Amino acid sequence: MELSENELINIILSKRPDLTRDKLFMMIEDKVNEYKISRKTAIYLIMIELGISIKSPIERRVKFAELIEGLSNINIIGRILWLKPTEKYNDVILTRGGIMDESAILPILFWGRSIEDLKDEGVFEGSIIEIHGAYTRSSLSGGLEIHVPKRSLIKQYKGDIVFPEYTKFLIPLNADLSRSTLTNVYGKVLSGLRRKIVKVDGESVEMASFLLGYSDIFKRVVLWRKVINEYQWVSPGQNIIIFLGRVKVNKFGDVEIHINRNSYIIEDKSIEVPLILKDSDLKSIKPGLNLLRVYGMVVSKGITRYLPDRNRYTQSILIADEEKEATLVLIDDAIKKLHDVSEGDVLAISLFRASVKGDAIYIFCDDTTILEKVDKTLDVRLKIKEVTINKITLEDKIINIAAKLVDGPFKIGEFADIKYYIAEDQDGTPFKLILRGDLTRYTKDEIKVGDNIYIKAGYVDITPLLFGGDMPSIRLRAYSTIYKLK
């Protein structure tokens, strides 16, 4: 790096203690006036006359914050933070890592050296080393890299430089990242790793992402190609640190953190990551992740189902508050959390994903969702009445009804998975019982045509009530259940 005028003057004064600063300034001014040149050129001429040379880059240490692209033959000293498994790049072995000094954290690439080779030279996580003969390059994503060719000299540093902890360079996820290119950031993992294939310049590329949170915000972390396999261990609830994540703004204007080959992620249970969950109500739920705490009274509880295509168990619970109702979709371990809840219990649901389809709200609860049974009173607007078909009004969205299963099942159009049975209520009024799948999704009893049944939390199709024509219809939802009557 080019030295400033003040640095050059200090070098001269350190080499020639017989010169005073005032005397040196007079010498500089004389040169400027004599040759009509700049002060810096005058200083260099004086150094040549006095026989003072400047150490070359290989002789003097350069701090990481001073580095720019295109430097060669530089000398650095730093602490190794991580080393990744050795790979091959264009038939040359390469070991990637991270290194820090007192000014910055940078990626470092060791060419022609395996992890075993580096260990033999005293290079391992936590070691402080000095390297002679490194160079700098810019990565494809624009970040600065330190490259160490095979010819470079590496040795353990025995001097007295004291490096800070790497935590000096960390910032929380809720900091303003919009002006950063690379960041060292920490937060709490809020979702599992979701993988998919996307098109990039006509090429099919694997991409994965997860959500990271801090306080009352969250951001998406995006991983590409082979990097995905390095971080399959990432799971909800972990407190993690991302080193050298690339900051990007997506097409919606949201800041994302992209993980490339130079990035590094670790779990750190010692860091504190607060999450602020605001109390809210069901009508305030938005599609996607909600950093909210909502309350709902259990209205109906469906049976547990196994989904073989996804290899998971689910259970749906209908909840309601003063103004709205929603369906909780419990996934795997979340089912165990609420195994003992009953109708009338009030639940607090925090940190969840949601889907909003028209007037319907679905709250997806996995192992990251906080589910609690609380001592709270809700004046729930939704009332489920036990009725017969002719007693149903337009205000009855969900009902309980006793009936006899008369005939079926029959397919509905081309929808092979949606079917209906003909049933009649206790007054002898027929209706359609519409369901997805078969009856085993809604009952633990063995039910067949001719049985008397009790339908709990059936959803009323109001179209026949309004316009007539077809017979009335009751739809079974995932939170509905059927019991066989004796």
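This is a predicted model, so every value here is computed, not measured.
In this structure, Arg353 is not positioned above the aromatic face of Tyr362 in the sense of NZ or CZ being under 6.0 Å from the six-membered ring centre and within 45° of the axis. In this structure, Arg475 forms no cation-pi arrangement with Tyr459, as its terminal cationic atom is not both closer than 6.0 Å to the ring centre and no more than 45° off the ring axis. For Lys432 and Tyr420, the positive end sits near the middle of the six-membered ring, less than 6.0 Å away and at most 45° from its axis.
Asp120 places no side-chain N or O within donor-acceptor distance of the main-chain N or O of Asp117, the cut-off being under 3.5 Å. The main-chain N or O of Ile331 is never found under 3.5 Å from a side-chain atom of Asp366 such that the two would form a donor-acceptor pair. Side-chain atoms of Asp332 do not come within 3.5 Å of backbone N or O of Arg312 as any donor-acceptor pair. Looking only at distances, no side-chain donor or acceptor of Asp321 sits under 3.5 Å from a matching main-chain atom of Asp281. Put simply, the side chain of Glu206 never gets that close to the backbone of Trp224: no donor and acceptor are under 3.5 Å apart. Side-chain atoms of Ser280 do not come within 3.5 Å of backbone N or O of Leu292 as any donor-acceptor pair. In this structure, Thr136 contributes its side chain and Leu71 its backbone to a donor-acceptor pair below 3.5 Å. No donor-acceptor pair closer than 3.5 Å links the side chain of Asp268 to the backbone N or O of Ile240. Judged by distance alone, the side chain of Ser215 and the main-chain N or O of Ile217 form no donor-acceptor pair under 3.5 Å. Between the side chain of Arg381 and the backbone N or O of Glu323, at least one donor-acceptor pair lies under 3.5 Å.
A heavy-atom distance below 4.5 Å is found between the side chains of Leu291 and Leu190. Using a 4.5 Å heavy-atom cutoff, the side chains of Glu87 and Ile93 are not in contact. Side-chain contact between Ile154 and Val148 is present, with at least one heavy-atom pair separated by less than 4.5 Å. Residues Ile317 and Thr327 fail the side-chain proximity criterion, which asks for heavy atoms closer than 4.5 Å. Using a 4.5 Å cut-off on side-chain heavy atoms (C-beta onward), Ile128 and Ile77 make contact. Counting heavy atoms from C-beta on, the side chains of Arg113 and Lys119 never come closer than 4.5 Å. With contacts defined as side-chain heavy-atom distances shorter than 4.5 Å, the pair Phe110/Thr86 does not qualify. Contact annotation: the side chain of Thr183 never approaches that of Ile242 to less than 4.5 Å [non-hydrogen atoms, C-beta and beyond].
The closest side-chain donor-acceptor pair between Asn239 and Glu267, if any, does not fall under 3.5 angstrom. Checked by atom type, the side-chain pair Ser4/Asn6 shows no donor-acceptor distance below 3.5 Å.
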Should Lys199 and Ser204 be marked as a side-chain hydrogen bond (donor to acceptor under 3.5 Å, both in side chains) after you check the CA-CA gap, both sets of side-chain angles, and the distance that decides it? CA-CA 5 Å; Lys199 288 284 187 180; Ser204 294; 3.1 Å; yes

Please determine whether side-chain hydrogen bond (donor to acceptor under 3.5 Å, both in side chains) holds for the pair Asn262 and Glu145, giving the CA-CA distance in whole Å, both sets of side-chain angles, and the decisive distance to 0.1 Å. CA-CA 9 Å; Asn262 289 335; Glu145 299 173 333; 2.7 Å; yes

Full working for ring pair (Phe, Tyr, Trp, His ring centres under 6.0 Å) between Phe410 and Tyr421: CA-CA 6 Å; Phe410 306 99; Tyr421 286 83; 7.9 Å; no

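A salt bridge is defined here as a Lys NZ or Arg NE, NH1 or NH2 lying under 4.0 Å from an Asp or Glu carboxylate O, and Glu272 with Lys188 fails to meet this definition. Note on Glu69 versus Arg137: no salt bridge recorded, every NZ/NE/NH1/NH2 to OD/OE distance being 4.0 Å or above.
In this structure, CG in Leu435 is found 6.0 Å from CG in Leu433, a value given to the nearest 0.5 Å. To the nearest 0.5 angstrom, Glu446 atom CD is 11.0 Å from Thr440 atom OG1. Phe169 contributes atom CZ, which lies 6.0 Å from atom OG of Ser103 (distance to the nearest 0.5 angstrom).
Applying the ring pair (Phe, Tyr, Trp, His ring centres under 6.0 Å) rule to pairs touching residues 270-310 yields Tyr306-Tyr313, sequence neighbours excluded. Identified under the ring pair (Phe, Tyr, Trp, His ring centres under 6.0 Å) test for residues 66-108, with sequence neighbours left out: Trp82-Phe243, Trp82-Tyr264, Tyr89-Trp111.
In Asp309, the CG atom is crowded: over 12 heavy atoms of neighbouring residues, nucleotides or ligands sit closer than 6.0 Å. Residue-environment remark: NZ (Lys444) stays at or below the threshold of 12 foreign heavy atoms within 6.0 Å. No more than 12 heavy atoms of other residues, nucleotides or ligands sit less than 6.0 Å from atom NZ of Lys278.
Residues passing the ring pair (Phe, Tyr, Trp, His ring centres under 6.0 Å) test with Tyr483, sequence neighbours excluded: none.
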